[in-house]
Amino acid sequence: MNTIAISIKGVSYQYPEQESIALNNVSLDVYKGEWLAIVGHNGSGKSTLAKMLNGLHYPSEGTVMIGGYALNEENVWAIREKLGMVFQNPDNQFVGTTVQDDVAFGLENNGVEHGVMEERVYASLEKVGMTAFLNQEPHHLSGGQKQRVAIAGVIALRPDIILLDEATSMLDPLGREEVMDTVRELNEKEGLTVISITHDLEEAAKADRVIVLNEGRLYTEGTPQNIFQLDRELLNLGLGVPFAVQMSQLLTDAGLHLSQRHFNEEELVSELWTLNFER
Amino acid sequence: MMEKIIFGRYLPSDSVVHQMDPRAKLLFIFAFVGIVFLANNVMTYALIGAFTFLIVFLSKVKLRFLIGGLKPVLLLVLFTFFLHVFFTKEGDILTQFGLLTIYKGGVIKGIFISLRFLLLILVTSLLTLTTPPISVTDGIESLFGPLKKIKVPVHELALMMSISLRFIPTLLDETDKIMKAQRARGADFSSGSISNRVKAIIPLLIPLFVSAFKRAEELAVAMEARGYKGGEGRTKYRILRWSMRDTMAMVFLVVLSAALFILRSY
Ligand SMILES: Nc1ncnc2c1ncn2[C@@H]1O[C@H](COP(=O)(O)OP(=O)(O)O)[C@@H](O)[C@H]1O
Ligand SMILES: [Mg+2]
């Protein structure tokens with residue numbers, strides 16, 4: 001549990017033509033086989049960090065080591081084989097016209113032989129429980145199923161690490177569970193290292209370790225229990241507060257007269273659309 | 001209404017035609033377009049017509065379905081027919097009413113040309129009806145593969161085609177959603193003057209474009225993350241298999257054109 005899979009040292013990144021720094025002197029290690037959750041409010045730099053780990057951009061300062069490779073333009077393709085990514089939007093990462101074509105996409109890119117490819121596509125779909133959908137087209141799949149196909153596409157390349165960037169945030173509760181169960185199984189049975197980026201604290205609670213990012217800096221890290229004890233502090237970081245509560249607060253601040261602060265999205269929505277009926 | 005249009009639709013089945021290599025079908029169609037023009041008399045048209053119906057029969061696509069789906073195009077065929085009947089001045093006069101004179105040559109020419117048109121439409125719709133679009137793309141990529149030597153981006157074009165095919169249903173769904181959203185805000189797409197209706201489409205198109213660009217950007221990132229680095233050194237998951245029946249189809253085509261050549265001069 002203590003072999004280092006990824007080592008990030010003093011990494012900073014600034015998007016071109018942006019004033020604020022997206023990542024500011026971040027250092028952390030990821031251990032082989034662990035499940036690491038990265039949490040933080042919107043814009044805290046989670047996706048920027050994720051993309052960096054996959055060489056989609058390079059640190060302006062600092063170094064990243066992944067599976068023994070230093071992250072640079074030379075090693076980037078080898079690193080992409082070691083670390084697979086699943087993105088937020090299930091539709092916008094589905095490249096193939098059918099499930100099996102999509103799983104094969106990464107294999108094709110890496111020049112895997114045809115016979116091997118067929119085996120791996122099937123085996124990967126088996127691991128995510130999607131073999132019954134081999135020839136299905138994406139628009140006939142649910143969000144959760146699409147994300148499981150995306151996971152199959154990643155594990156077909158036999159990576160050591162899988163990184164999920166809010167991969168469940170666009171799914172319904174059932175789809176969420178489906179995807180999380182799949183990932184848990186891969187983590188436990190195959191020893192896959194999991195980095196799960198989320199702003200759902202419930203999801204983060206399942207991790208071995210949690211890292212909190214804030215304004216591009218590493219705010220704190222610890223076990224889920226440690227982190228949740230920070231209760232009040234988390235609220236200040238914009239974490240853990242349900243969306244409806246935040247929204248009600250913002251609307252009230254903006255001068256809208258709401259009858260109460262809503263804890264439930266549905267209530268908020270119905271108040272909002274009936275708000276002007278008396279006029 | 002959309003369900004009735006068959007052009008570009010695929011009908012799964014296990015017929016001989018369905019099982020053919022898409023390259024064979026594409027080559028067949030390219031050749032057929034030329035061969036149709038060899039027909040010039042009753043014998044040759046009868047032969048090529050019989051041949052077309054043989055293919056329709058082999059494809060197991062129901063003729064009624066085919067004709068039903070081609071109705072809008074059939075109108076065009078009919079229009080072509082009458083154009084020739086009214087404006088060709090060849091051969092004996094058949095009838096004459098008022099300014100309109102109908103010649104025998106015009107009727108014959110009308111029948112031949114609309115028949116030719118019809119046969120071409122039948123055969124090309126059969127291609128899409130019996131071949132999944134992705135296979136058509138694979139076939140095109142493979143057939144045009146040699147053009148890579150002269151720097152034609154064949155792989156990229158084929159990938160673009162297959163991604164477009166993959167996103168058509170997604171974008172249609174999205175259009176539907178935006179339309180409902182705009183209707184909920186009082187937009188009206190189905191009544192009013194033409195100019196009003198066109199104006200109503202703008203708030204539909206703009207969000208659609210914005211989201212399509214966003215999708216494209218995310219897709220590009222996802223593709224790169226999954227190791228896509230162009231066609232170089234890439235293997236293919238879908239493999240095209242040329243079999244005996246594809247060779248047979250080609251031989252058949254040669255025999256047909258030879259027969260047409262001979263019958264032409266009768
Ligand atoms: N493509 C981009 N170009 C410029 N700025 C960006 C881009 N993507 C993100 N940012 C900025 O970088 C910061 C971190 O964003 P991001 O990593 O996407 O946050 P998160 O994923 O935690 O919501 C934000 O301030 C955001 O506005
Ligand atoms: Mg993000």
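None of the values given here were measured: they were computed from a predicted structure. Residue numbers start from 1 in every chain, and the chains themselves are labelled A, B, ... in the order their sequence lines are given, proteins ahead of strands.
- The 12-atom threshold is exceeded at NZ of B:K229, counting heavy atoms of other residues, nucleotides or ligands nearer than 6.0 Å.
- Atom-to-atom distance recorded for B:E224:CD and A:N54:CG is 8.5 Å, nearest 0.5 angstrom.
- Within 6.0 Å of NZ in B:K148 there are more than 12 heavy atoms belonging to other residues, nucleotides or ligands.
- When the shell of 6.0 Å around OH of A:Y15 is examined, it contains more than 12 heavy atoms from other residues, nucleotides or ligands.
- More than 12 heavy atoms of other shown residues, nucleotides or ligands fall within 6.0 angstrom of atom CZ in B:R245.
- Interatomic distance, CD of A:E118 versus CD1 of B:I239, reported as 7.5 Å (0.5 Å rounding).
- Proximity to chain A (any heavy atom under 4.5 Å) is shown, for B:L219, by both the backbone and the side chain.
- Counting heavy-atom pairs under 4.5 Å between each of A:N110, A:V121, A:N89 and chain B puts A:V121 at the top.
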Query - Full working for side-chain contact (heavy atoms from CB on, under 4.5 Å) between B:F167 and A:H139 - result: CA-CA 9 Å; B:F167 273 94; A:H139 60 279; over 6 Å; no
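- Atom CE of residue A:M117 and atom CZ of residue B:R238 lie 11.5 Å apart, to the nearest 0.5 angstrom.
- Annotation: B:E156, atom CD; neighbour count of heavy atoms from other residues, nucleotides and ligands within 6.0 Å is above 12.
- The contact between A:L107 and chain B is made entirely by backbone atoms, counting heavy-atom distances below 4.5 Å.
- With a threshold of 4.5 angstrom between heavy atoms, A:E137 does not approach chain B through any atom at all.
- The only option from A:D91, A:D101, A:T97, A:D102 that meets the side-chain hydrogen bond (donor to acceptor under 3.5 Å, both in side chains) definition with B:R166 turns out to be A:D91.
- For the atom pair CD of B:E218 and CZ of A:F87, the computed distance is 9.0 Å after rounding to the nearest 0.5 Å.
- Between A:H114 and B:Y237, the ring planes are tilted. Angles from 30° to 60° get that label.
- Note that CG of A:N109 is 7.0 Å distant from CE of B:M223, once rounded to the nearest 0.5 Å.
- A:V112 and B:T235 get closest at one heavy-atom pair: O-OG1, 2.7 Å.
- Heavy atoms from other residues, nucleotides or ligands lying under 6.0 Å from OH of A:Y58 number more than 12.
- Rounding to the nearest 0.5 angstrom, the gap separating the CG atom in A:L157 from the CZ atom in B:R226 is 8.0 Å.
- Summarising the local packing, CE of B:M250 is surrounded by more than 12 heavy atoms from other residues, nucleotides or ligands at distances under 6.0 Å.
- Annotation for B:I29: atom CD1 counts as buried by contact number, over 12 foreign heavy atoms lying within 6.0 Å.
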